[in-house]
Amino acid sequence: MTPAAGVVSRRGARRIRIPEPWLYLGPALLWFLMFSVFPLVYTINMSLRDWGSADQPFVGLANYAEMISDPSLYQSLRTTAIFALGAISLSFALGVAIALLLANDDLVCKAFFRSILILPYVISDVVVGISFRLMFHPILGVMNYVLGTRGWDWFGSPNLALTSIILAVVWHLTPFFTIILLAGLLSLPKEPYEAARIDGAGSWRLFRHLTLPMMRPVCQVVLLMGVIDVVKVFAIVFTTTDGGPARLTEVVGMYVFRTGFRYYRLDYASAMALGVVVAVAILAFLAMRALSERAGAALVPSEVGRR
Amino acid sequence: MKSLSGQSKITRRRILTGTAATAMVTATSRPRRAAAQSPVKLSIIGLDGHPSWLATKAMIEAYRDVAPNVSFELSQFDLPQIGDKVNLDFQAKKGQYDIVWMNSASTIGYWSEAGIVVPLDAMVSESYDLNDFLRLARGISTLRGKLYGIPIMIEGRMLVYRKDLLDAAGMKPPTTVDEMTRAAQAMNAPAKNQYGFSQRVRSGGSIAYDWVGWLYSFGGQIYDAKFNPQLASPEASAALEAFVKINQYSAPSSNRSYGEIVNELQSGIAAMANDVTIITPLLEDGSASRFAGKFGYAVAPAGPKGPRPETSSHLLAISTLSRQRDAAWRFLEWMTSKKNNKPWIFAGGAAFRESMYNDPAIVAKYPQYTLFKQILDLGNPDYVPRIKPSAEIMTRLGEQLSSALVGVKPVNEALAAADQQVASILKRNGYRT
């Protein structure tokens, strides 16, 4: 049957014709419509109504207008930005270091290290949060015992709470960064390195002038996925500090959750969630474009020749 | 509020008492003819593991003999999930539940104002005897003059102290906040991992829920009758100063809530606390508590305006979307009637009727009821704001209290910020202009 062929019944009347590609696309499309498009449309609808009232009247952009003058939202965005910066930069730096180590041909038990590396990433956020809360307990926790920091209130002190959450997220996220970066490193061609070594380049110069430029696309993907992961963070904060002390660790996901499911303001929470998604998408797009332009500039022939 | 599911182990004794309760109710109830009545299916959502939920289940078993045409569909969750499910059910207009578990502190205001639950007054029969409810139970279940639920659990704040440590310090059980602070100081021995006091300090609703009792006992209030915030007052300031002061004799944690307090008392880290009456079985459970039998209990110590113990209650209410309100009420009325008090309590349910506290068999079995009654009689039904934005007010207040406690803001600055935020929430929700 040709892709556009229909079926003709015995009586001669033509049935509805379904082009064949649609039959293949149908299930996936239906899934996408049900679980991606419908929730999105539903969320947009909620954000445009007074959802708490019995008749849920249309209020236009009132919920979006409220976002502009909501200092709590700004504070949570600021906290998220600091948190994201800390968590991603640390995870990335550690990820690069561990990936370089694991890519080293001289390392023994490589397969073993690569296998256990993934473990922290496969543990659920809730378990990570609860485990860190127990380990960092001021009196009963192992961390104070090991470090000799008696009575340090890791998740309760205003000076330590956000850093402690960052540590938990870094522990959780670094393996993901490492694995992607390691895959990138192992796929790099060997010839440029051999040529550079013949020209007398040392390890640092190899890394700076060969590895980093060639790894740039992989790094972009890792960083983008890291940003998405970190901006969405919720469960680890919820299980360790619940946003405290004094809102100092209330990231935007936490604030949206509280507004929607603790204050029962689903309309405003929907508006904030959509606003944050749009803002993150724009920022990610701009960041990616800037990085791509730099990458393009870095690879023009004159630049390469100059090296 | 923290889930109470931790205290709800299903033991052989509980099963036996539940079975006995079922038998007792069955024996005293007159069976009806099922054939004449059409089948009814009641859907109930309750708090997983809570003793009163287990008692409800035992009573449901007994009700099958009383009304064989009624079947039940039970859903059980933690408190926040119940809130989410009932709210989403109402907003989607599905009507999935007939009877809903409602928290007096965080949800009754919202659910009654939003029309999620119905007033029960018109359905209550004369023989039900609402006047037999404890004053506090009646007050908690009634809002703006209407009865919105039946209080199947009621609790108050109580002083818990280690008798041995207090004796060693040569002190009597404290009756005032000042005495309690001195006792905390006397029992505080960080070098031995022993701290004088334990209280809820986790940012948000947890710390606010604890501190509001202090506020009332110092003569303050969150807002007045005209919804004018009253947090920037000298009384509120004194209450927060006292709260911060006693906290220096606590274990170093700014992230402590109900569960951590239980652990600290059970393990001997804390020598004293001021928390809910329902904590008792957890502290006296020898398999979990190292100091079972060494705890003393008393009415929460008084501030300048006397003791104002925290009160809280869980209620069963009827959903507005229920298509079987009458059948739902018939069951609720039967289960919580005076006649079925004893089987209800023996199945693990909490006492909310005066007559229960006067019943010799009940008092003999539960001697702690005498103290509980004393505490509950001091309780304030409006302990937390019972209005739509109650959860938001308590959370915002708690964030500011936390900032004072950890030293991010001075006490007065934190209270001024809380006052401003409460004003803004009340204004946005139309309580003040």
Side-chain angles (χ1 to χ4, degrees), chain A residues 42 46 49-56 62 66 69-72 75-76 130 133-134 136-141 144 149-161 164-165 238-250 254-255 257-268, chain B residues 80-81 83-84 86-88 90-93 106-107 110-111 113-116 190-191 193 195 201-207 251-257 260 263-264 267 269 320 388-396 398-409 414 421 424-425 428-429:
Chain A
Y42 198 80
M46 269 201 289
R49 292 177 182 278
D50 177 2
W51 206 254
S53 299
D55 50 350
Q56 298 165 349
E66 188 178 336
S69 56
D70 183 355
S72 299
Q75 189 181 331
S76 66
I130 292 171
R133 194 166 148 192
L134 293 173
F136 282 61
H137 188 280
I139 297 169
L140 307 171
N144 277 342
T149 48
R150 193 172 184 279
W152 277 30
D153 188 7
W154 293 86
F155 286 111
S157 156
N159 301 320
L160 291 172
S164 304
I165 295 176
F238 184 71
T239 48
T240 51
T241 64
D242 199 22
R247 295 197 68 220
L248 291 172
T249 60
E250 190 181 71
M254 188 82 214
Y255 182 52
F257 166 77
R258 265 194 186 155
T259 306
F261 293 100
R262 293 295 167 264
Y263 310 157
Y264 307 129
R265 298 190 65 209
L266 284 169
D267 40 19
Y268 184 48
Chain B
Q81 283 74 46
D84 296 347
V86 174
N87 283 313
L88 294 175
F90 179 73
Q91 287 172 352
K93 306 280 181 254
S106 57
T107 40
Y110 183 86
W111 286 7
E113 281 184 44
I116 294 174
N193 262 351
Y195 295 85
V201 289
R202 184 176 300 164
S203 182
S206 178
I207 184 173
S253 171
S254 304
N255 198 16
R256 189 188 306 112
S257 195
E260 286 78 9
N263 288 339
E264 288 185 4
S267 60
I269 291 173
T320 307
K388 198 171 172 180
S390 172
E392 190 174 1
I393 287 174
M394 292 300 278
T395 307
R396 290 284 175 232
E399 288 162 0
Q400 295 302 333
L401 297 175
S402 170
S403 66
L405 196 82
V406 299
V408 172
K409 286 180 187 171
Q421 284 181 344
S424 152
I425 294 167
R428 171 160 39 79
N429 284 276

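What you see is a predicted model; the values in this text were computed from it and never measured. Every chain is numbered from 1, with letters handed out A, B, ... down the list of sequences.
Shortest non-hydrogen contact noted between Arg262(A) and Asp84(B) is NH1-OD1, 3.6 Å. Here the closest heavy-atom approach between residue Ile269(B) and residue Leu140(A) is recorded as CD1-CD2, 3.8 Å. Residues Ser203(B) and Pro245(A) share a closest heavy-atom pair of CB-CA, 4.0 Å.
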Verdict with reasoning, Ser253(B) to His137(A), per side-chain contact (heavy atoms from CB on, under 4.5 Å):
CA-CA 8 Å; Ser253(B) 171; His137(A) 188 280; 5.7 Å; no
Ile139(A) and Glu264(B): CA distance, side-chain angles, deciding distance, side-chain contact (heavy atoms from CB on, under 4.5 Å) verdict:
CA-CA 10 Å; Ile139(A) 297 169; Glu264(B) 288 185 4; 5.6 Å; no
Stepwise side-chain contact (heavy atoms from CB on, under 4.5 Å) test for Leu266(A) and Leu88(B)
CA-CA 10 Å; Leu266(A) 284 169; Leu88(B) 294 175; 3.7 Å; yes
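Ranked by heavy-atom pairs shorter than 4.5 Å toward chain A, the options Ala251(B), Ala404(B), Ser403(B) are led by Ser403(B). Contact count versus chain A (heavy atoms, under 4.5 Å) is highest, among Gly407(B), Pro252(B), Ala114(B), for Pro252(B). When each of Ile207(B), Asn193(B), Val201(B), Leu401(B) is checked for heavy-atom pairs under 4.5 Å with chain A, Asn193(B) comes out on top.
Interface remark: Thr107(B) contributes side-chain atoms only to the contact with chain A (heavy atom separation under 4.5 Å). Neither the backbone nor the side chain of Lys409(B) comes within contact range of chain A; no heavy atoms are under 4.5 Å apart. Proximity to chain A (any heavy atom under 4.5 Å) is restricted, for Val408(B), to the side chain, taken from C-beta onward.
Checked for salt-bridge contact, Asp153(A) and Arg256(B) miss the test: no charged N lies under 4.0 Å from a carboxylate O. Look at Glu392(B) and Arg258(A) and you find no salt bridge, because none of the NZ, NE, NH1 or NH2 atoms lies under 4.0 Å from a carboxylate O.
Atom CG of Asp242(A) is separated from atom OG of Ser257(B) by 9.0 Å, given to the nearest 0.5 angstrom. Note that CG of Asn255(B) and CZ of Phe136(A) are 13.0 Å apart. Values are rounded to the nearest 0.5 Å. Of the inter-residue distances, the one linking Tyr264(A) atom OH with Trp111(B) atom CH2 reads 6.5 Å to the nearest 0.5 angstrom. We find the OG-CZ distance between Ser72(A) and Arg396(B) to be 3.5 Å, quoted to the nearest 0.5 Å.
When the side chain to side chain donor-acceptor pair (under 3.5 Å) test is applied to Thr240(A), no partner is found at least two apart in sequence or on another chain. For Arg150(A), there are no salt bridge (charged side-chain N to carboxylate O under 4.0 Å, His left out) partners at least two apart in sequence or on another chain.
Two residues are said to be in side-chain contact when any heavy atoms from C-beta on lie closer than 4.5 Å; Gln400(B) and Arg247(A) fail this criterion. Side-chain contact between Phe261(A) and Asn87(B): absent, with no pair of heavy atoms (C-beta onward) separated by less than 4.5 Å. Annotation: side chain of Arg202(B) is not in contact with side chain of Phe155(A) (no heavy-atom distance under 4.5 Å).
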